[in-house]
Every structure is written in C-alpha cells, then in structure tokens.
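Here is the structure we will look at, set down as structure tokens.
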Protein chains: 2
Amino acid sequence: MYSIDSRSAIPVYEQLKRQIVLRIVSDRLDEGEKLPSIRELAAALKINPNTVVKTYRQLETDGFVASRKGLGVFISTEARELQGDRNEIFKELTDDYISKAGGLGLKADEIMKGLSDRLKGEIEYDKNE
Amino acid sequence: MYSIDSRSAIPVYEQLKRQIVLRIVSDRLDEGEKLPSIRELAAALKINPNTVVKTYRQLETDGFVASRKGLGVFISTEARELQGDRNEIFKELTDDYISKAGGLGLKADEIMKGLSDRLKGEIEYDKNE
DNA sequence: ACTACTGTACTATGATAGTAATACAGATGA
DNA sequence: TCATCTGTATTACTATCATAGTACAGTAGT
C-alpha cells in the first residue's frame with residue numbers, strides 16, 4: 001500500500017505524507033474513509049509509531065484528515081480552507097514544472113502522460129526497497 | 001541561480017544537489033565547467049559552507065563533478081554518461097509538483113487541466129528538434 | 001615572497017528525525 | 001465489566017542536518 005525508502009534523503013514522515021496526499025488528490029481515498037491505525041501502519045511499514053503520528057498530525061494541520069480518539073484517523077469531509085491566490089501559485093508551480101521537464105527533453109505529451117500515470121497510481125516505481 | 005527553501009522537509013544539501021544534477025542532465029552545465037566556489041555559493045544562498053561541501057562531495061561520489069584543491073569543482077567529463085537517470089529525475093519533479101499542488105487543495109483533474117492549459121500556451125519549452 | 005583565492009579537515013553546538021518503551025484516555029463489542 | 005482496539009502524551013536515546021569557527025594545504029597572479 002505505502003512504501004518507505006529508508007535511504008532516501010526525504011524524511012520518512014514526509015514520504016508517507018506525500019503518498020497519502022497523492023491518494024487523496026487522486027480520489028483513491030474517499031471522504032470519511034478511515035486510514036490505517038497508527039500502530040498498524042507503523043508495523044506494516046516497519047517504522048516507529050511516533051513517525052506515523054507525525055505524518056497524521058501534519059495531515060490534520062493541513063486539513064486533509066481529522067482524528068478521533070478511540071476511533072481512528074479519517075479523510076476530512078469538510079472542504080479544506082484554501083488560499084485566495086492559489087491559482088497564481090499553481091500557475092507558477094506548473095510553469096516551473098514544465099520548464100524543468102522540458103529541459104530534460106520531454107515533449108508536451110510525455111509530460112502529460114507522466115503526470116497522468118502518477119496521478120492514476122499506475123506507476124509503482126520502486127524506491128529500491 | 002539556485003534557490004533554497006529552508007522550510008522544506010527536503011534537506012538543504014539535497015535540494016542543492018537536485019538542482020545541480022538537473023542542470024547537468026539538462027545540458028545547462030557543460031563538461032569541464034566550473035561550479036561556484038564553496039564559500040561563494042554558501043554566501044549567495046545564505047547557507048553554511050559545510051552544507052555546500054556535503055553537496056559537492058556527494059556529487060563527486062556520484063561522478064557528476066570532480067574537485068581540484070586550490071582550483072575549484074568542475075563538471076566531470078563522464079557526467080554525460082550519467083544521464084540515464086533522467087527518468088528518475090522526472091519522477092522526482094512530478095512527485096514534487098503533485099505534492100505542492102495537492103497542498104494547495106487541488107484535485108487530480110484540476111492539476112491535469114492546469115498543466116494542459118499551460119502546455120498549450122507555451123511551446124517554447126520544447127527545445128528539441 | 002606575498003596575497004588571495006581554492007578545497008579540505010576538524011571541533012563544537014543546537015535543532016530535527018527516528019526509534020523505543022511506557023502510560024493514559026476514549027470507543028467498541030463481547 | 002472487561003478486553004481490545006483507537007489516538008495521545010511523555011521520556012530517553014541515537015543519528016543526521018545545519019550552523020559556526022578555526023586551521024591547513026594547493027593554485028595562481030603580482
């Protein structure tokens with residue numbers, strides 16, 4: 001389900017956070033759906049429960065999830081509070097992404113396909129265990 | 001030239017490393033070209049020289065650059081052959097892009113549409129053929 | 001020789017990341 | 001009630017990240 005690369009320079013809690021956000025963004029995690037319990041996920045990924053706590057807490061701060069003691073952590077149903085200038089920021093993000101990918105020699109359709117595949121989760125490229 | 005986000009979860013030395021590697025594989029840094037000196041780059045980015053040292057050392061380990069005491073750090077002549085991980089770099093770019101767009105509250109279809117619109121508007125990214 | 005660059009090495013300090021173990025409190029079903 | 005899940009909180013420890021400062025060695029121009 002989720003995968004952690006212990007050798008990555010990206011912190012474990014951040015790797016996990018990104019994977020969960022990706023699933024939410026691409027509707028592979030629905031509103032109200034329950035995430036794995038802290039202990040369960042920690043055991044499955046062979047990481048410390050405290051690290052999962054850190055991920056879940058940040059996701060809650062960002063408004064992606066809501067935790068209920070004794071019950072679990074659930075995908076937020078309420079719309080997240082969005083920044084007013086998010087369109088402008090998103091445009092800058094996109095142009096930066098296009099610029100970098102284009103610099104790598106990728107064509108428009110290749111960029112579109114790469115993003116699409118990742119959003120669909122069809123790419124399970126290994127982070128090398 | 002280079003930019004550092006001190007609030008990012010990705011370590012500073014790794015941010016810098018990725019930006020330099022991206023420039024190399026994007027042919028924006030040529031073989032034999034000299035990188036900024038450690039102290040100069042550290043001052044420009046307002047980071048510690050030791051952090052730049054760490055980046056340069058890892059780049060040398062990876063074969064991208066070669067350092068010469070008293071002279072500087074130069075793009076390795078074999079750096080060209082290391083462009084095999086363009087695909088890996090593109091995946092990193094894509095994950096970063098999705099992560100940031102997701103943080104803005106955008107869903108998959110919105111991201112796809114935004115990218116599509118910007119790609120249609122700007123053809124200049126395509127520097128090939 | 002002198003100066004001013006360059007990379008390199010080292011110690012020290014504080015913040016963050018991650019692990020480990022324990023304990024407490026809310027929810028649920030038998 | 002009791003057992004067992006759930007999130008939460010706390011303390012302790014190790015390793016890494018990043019900073020700061022100092023020192024040493026190689027290169028080049030004057």
Side-chain angles (χ1 to χ4, degrees), chain A residues 1-21 29 32-77 127-129, chain B residues 1-20 29 32-77 79 99:
Chain A
M1 191 140 191
Y2 300 102
S3 63
I4 297 299
D5 178 9
S6 59
R7 297 169 311 173
S8 171
I10 301 180
V12 173
Y13 77 88
E14 177 72 14
Q15 293 182 46
L16 182 56
K17 182 181 174 185
R18 289 186 175 197
Q19 291 177 48
I20 294 175
V21 168
L29 281 173
E33 188 170 343
K34 183 180 175 301
L35 288 175
S37 79
I38 292 172
R39 293 171 179 82
E40 178 187 352
L41 186 52
L45 298 178
K46 295 184 174 63
I47 61 179
N48 196 279
N50 294 332
T51 304
V52 179
V53 168
K54 186 168 189 173
T55 295
Y56 280 4
R57 184 153 47 206
Q58 288 198 7
L59 287 172
E60 183 163 31
T61 299
D62 293 344
F64 283 108
V65 305
S67 64
R68 277 179 280 174
K69 190 185 286 185
L71 293 176
V73 175
F74 303 84
I75 305 299
S76 282
T77 54
K127 307 246 177 186
N128 285 340
E129 70 187 33
Chain B
M1 193 139 190
Y2 300 101
S3 63
I4 296 299
D5 179 9
S6 58
R7 297 165 309 174
S8 171
I10 300 180
V12 173
Y13 79 89
E14 177 72 14
Q15 292 182 46
L16 182 56
K17 182 182 174 184
R18 291 186 177 190
Q19 289 178 48
I20 294 175
L29 282 174
E33 188 169 343
K34 183 180 175 300
L35 288 175
S37 79
I38 292 171
R39 294 172 179 82
E40 179 187 352
L41 186 53
L45 298 179
K46 294 184 173 64
I47 61 178
N48 197 278
N50 294 332
T51 304
V52 179
V53 168
K54 185 168 190 173
T55 295
Y56 281 3
R57 188 181 302 149
Q58 290 199 5
L59 286 172
E60 183 162 32
T61 299
D62 293 345
F64 285 105
V65 305
S67 64
R68 278 178 278 174
K69 191 185 285 185
L71 293 175
V73 175
F74 304 84
I75 303 300
S76 163
T77 50
S99 174

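Chain identifiers are assigned alphabetically (A, B, ...) following the order of the sequence lines, protein sequences preceding nucleic acid strands; residue numbering begins at 1 within each chain.
- At least one side-chain heavy atom of B:L29 sits under 4.5 Å from a side-chain heavy atom of B:I20.
- Remark: A:T51 is not in phosphate contact with C:dA17, judged by side-chain N or O atoms under 4.0 Å from OP1 or OP2.
- With D:dT19, C:dT8, D:dT8 as the candidates, the nucleotide lying closest to the side chain of A:K69 is D:dT8.
- What separates CG of A:L59 from P of D:dG7 is a distance of 13 Å, to the nearest Å.
- The nucleotide whose nearest atom lies closest to any side-chain atom of B:N48 is, among C:dG18, D:dA20, D:dG7, D:dA20.
- Place A:N50 and A:L71 on DNA chain C by their nearest nucleotides, and A:N50 ends up nearer the 5' end.
- Across the interface with DNA chain C, nearest-nucleotide mapping of A:V12 and B:E40 shows B:E40 to be the residue nearer the 5′ end.
- Each of C:dG7, D:dG7, D:dA28 was ranked by its minimum atom distance to the side chain of B:I38; first place goes to C:dG7.
- No side-chain donor-acceptor contact under 3.5 Å links A:T51 to the backbone of A:Y13.
- In terms of modelled atom types and a separation under 3.5 Å, the side chain of B:E60 and the main chain of B:S67 share a donor-acceptor contact.
- Among the nucleotides C:dA17, D:dA18, C:dA23, the one closest to any side-chain atom of A:R39 is C:dA23.
- For A:L41 and C:dG18, the CG to P distance is 14 Å, given to the nearest whole Å.
- Distances from the side chain of B:S37 to the nucleotides C:dG18, C:dG7, C:dA20 place C:dG7 closest.
- Contact annotation: B:S67 reaches the phosphate of C:dT8 (side-chain N/O to OP1 or OP2, under 4.0 Å).
- The phosphate of D:dC17 has OP1 or OP2 within less than 4.0 Å of a side-chain N or O from B:K54.
- A close approach under 4.0 Å does not occur between any side-chain nitrogen or oxygen of B:Y56 and OP1 or OP2 of C:dG7.
- Residue B:I10 contributes atom CD1, which lies 11 Å from atom P of D:dA18 at whole-angstrom precision.
- When atom types are taken as modelled, the side chain of A:Q19 and the backbone of A:S3 share a donor-acceptor pair closer than 3.5 angstrom.
- Contact of the B:Y56 side chain with the B:S37 side chain is not registered, since no non-hydrogen atoms from C-beta on lie closer than 4.5 Å.
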